[in-house]
2 protein chains.
Amino acid sequence: MAKFMDVHLGMVGITNDQLKEAHEADLAIQSEEGVVFERAWADPAAGVIYCLSEAPNEEAVRRIHERAGHPADEIHPVPLEV
Amino acid sequence: MAKFMDVHLGMVGITNDQLKEAHEADLAIQSEEGVVFERAWADPAAGVIYCLSEAPNEEAVRRIHERAGHPADEIHPVPLEV
């Protein structure tokens, strides 16, 4: 398992309910790809969401987000952490 | 206090020791601006660092990172979190 930070753009005006709903859509299917979505943070003014996960690989993260209806704009492996 | 995610670019090849050293430089002076740096994640291949903090405002985060020698390229307030 590796850690990933993915980024979603163009989400200007996202609400807390919408963020929660999107996160729950990921959680509902994440086990099918062995992904564990940990946390997500949103800047509604800039429309950016940062999403932290553990996954077997980048493609697994990409597939879950796509299937949940919110494809990621960037997915970064983040092997270093403090 | 509010939560912020800041981004540092151009850090290709950063090592775990360098990330830790940079984080400790922030921690050493963060109280002077009332900032609490919580965690940071790095993608050494793409040279991107994501840094999560709590702070009174964006300028406080900006000043600590600048004084610690690693100005942030982006600082996003992230009032929404799951």
Side-chain angles (χ1 to χ4, degrees), chain A residues 1-28 30 35-55 57-59 61-62 64-65 68 70 72-82, chain B residues 1-28 30 35-55 57-58 61-62 64-65 68-70 72-82:
Chain A
M1 294 284 275
K3 195 151 270 192
F4 295 89
M5 182 75 81
D6 66 74
V7 183
H8 303 255
L9 305 173
M11 308 297 287
V12 174
I14 188 171
T15 65
N16 203 48
D17 282 351
Q18 288 169 328
L19 180 64
K20 194 173 167 190
E21 190 177 346
H23 187 57
E24 284 171 359
D26 290 325
L27 298 186
Q30 65 180 9
V35 180
V36 179
F37 287 102
E38 296 183 353
R39 291 168 74 186
W41 301 267
D43 174 352
V48 184
I49 299 174
Y50 299 98
C51 181
L52 185 69
S53 64
E54 279 203 348
N57 54 60
E58 181 174 328
E59 285 310 309
V61 177
R62 187 181 315 281
I64 294 295
H65 276 332
H70 42 258
D73 292 281
E74 300 174 25
I75 302 177
H76 290 275
V78 285
L80 308 185
E81 181 174 354
V82 290
Chain B
M1 294 284 275
K3 194 151 272 191
F4 295 88
M5 182 74 82
D6 66 75
V7 183
H8 303 256
L9 305 173
M11 308 298 288
V12 173
I14 188 170
T15 65
N16 204 47
D17 283 352
Q18 288 169 329
L19 180 65
K20 195 174 165 187
E21 190 177 345
H23 187 58
E24 285 171 358
D26 289 326
L27 298 186
Q30 67 180 7
V35 181
V36 178
F37 287 102
E38 296 184 353
R39 291 167 75 186
W41 301 267
D43 174 352
V48 184
I49 299 174
Y50 299 98
C51 181
L52 184 69
S53 64
E54 280 204 347
N57 54 59
E58 181 175 328
V61 177
R62 187 182 314 282
I64 294 294
H65 275 332
H70 43 257
D73 292 281
E74 299 174 25
I75 302 177
H76 290 276
V78 285
L80 307 186
E81 180 174 356
V82 290

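Just so it is clear: chains get the letters A, B, ... in the order the sequence lines come, proteins before strands, and each one is counted from 1.
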Report, by ascending residue number, the residues of residues 18-27 of chain A in heavy-atom contact with chain B at a distance under 4.5 Å; give 'none' if the set is empty.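 Those residues of residues 18-27 of chain A which have a heavy atom under 4.5 Å from chain B are L19(A), K20(A), H23(A).
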Residue-level interface, residues 75-82 of chain A with chain B, non-hydrogen cut-off under 4.5 Å: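 Those residues of residues 75-82 of chain A which have a heavy atom under 4.5 Å from chain B are H76(A), P77(A), V78(A), P79(A), L80(A), E81(A), V82(A).
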Residues in side-chain hydrogen bond (donor to acceptor under 3.5 Å, both in side chains) with E54(A), at least two apart?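 E54(A): no side-chain hydrogen bond (donor to acceptor under 3.5 Å, both in side chains) contacts found.
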For chain A, which residues from residues 1-13 of chain B lie under 4.5 Å away (heavy-atom distances)?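 Residues K3(B), M5(B), V7(B) are the ones that qualify, each having a heavy atom under 4.5 Å from chain A.
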Measuring heavy-atom distances to chain A, does A46(B) have an atom under 4.5 Å in its side chain, in its backbone, in both, or in neither?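 Side chain only.
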Atom group of I49(B) that falls short of 4.5 Å from chain A, counting heavy atoms: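 When you check distances to chain A, no heavy atom of I49(B) falls under 4.5 Å.
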Do you know which of A42(A), P44(A), A45(A), C51(A) has the most heavy-atom pairs under 4.5 Å to chain B?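 Most pairs with chain B among the choices: A42(A).
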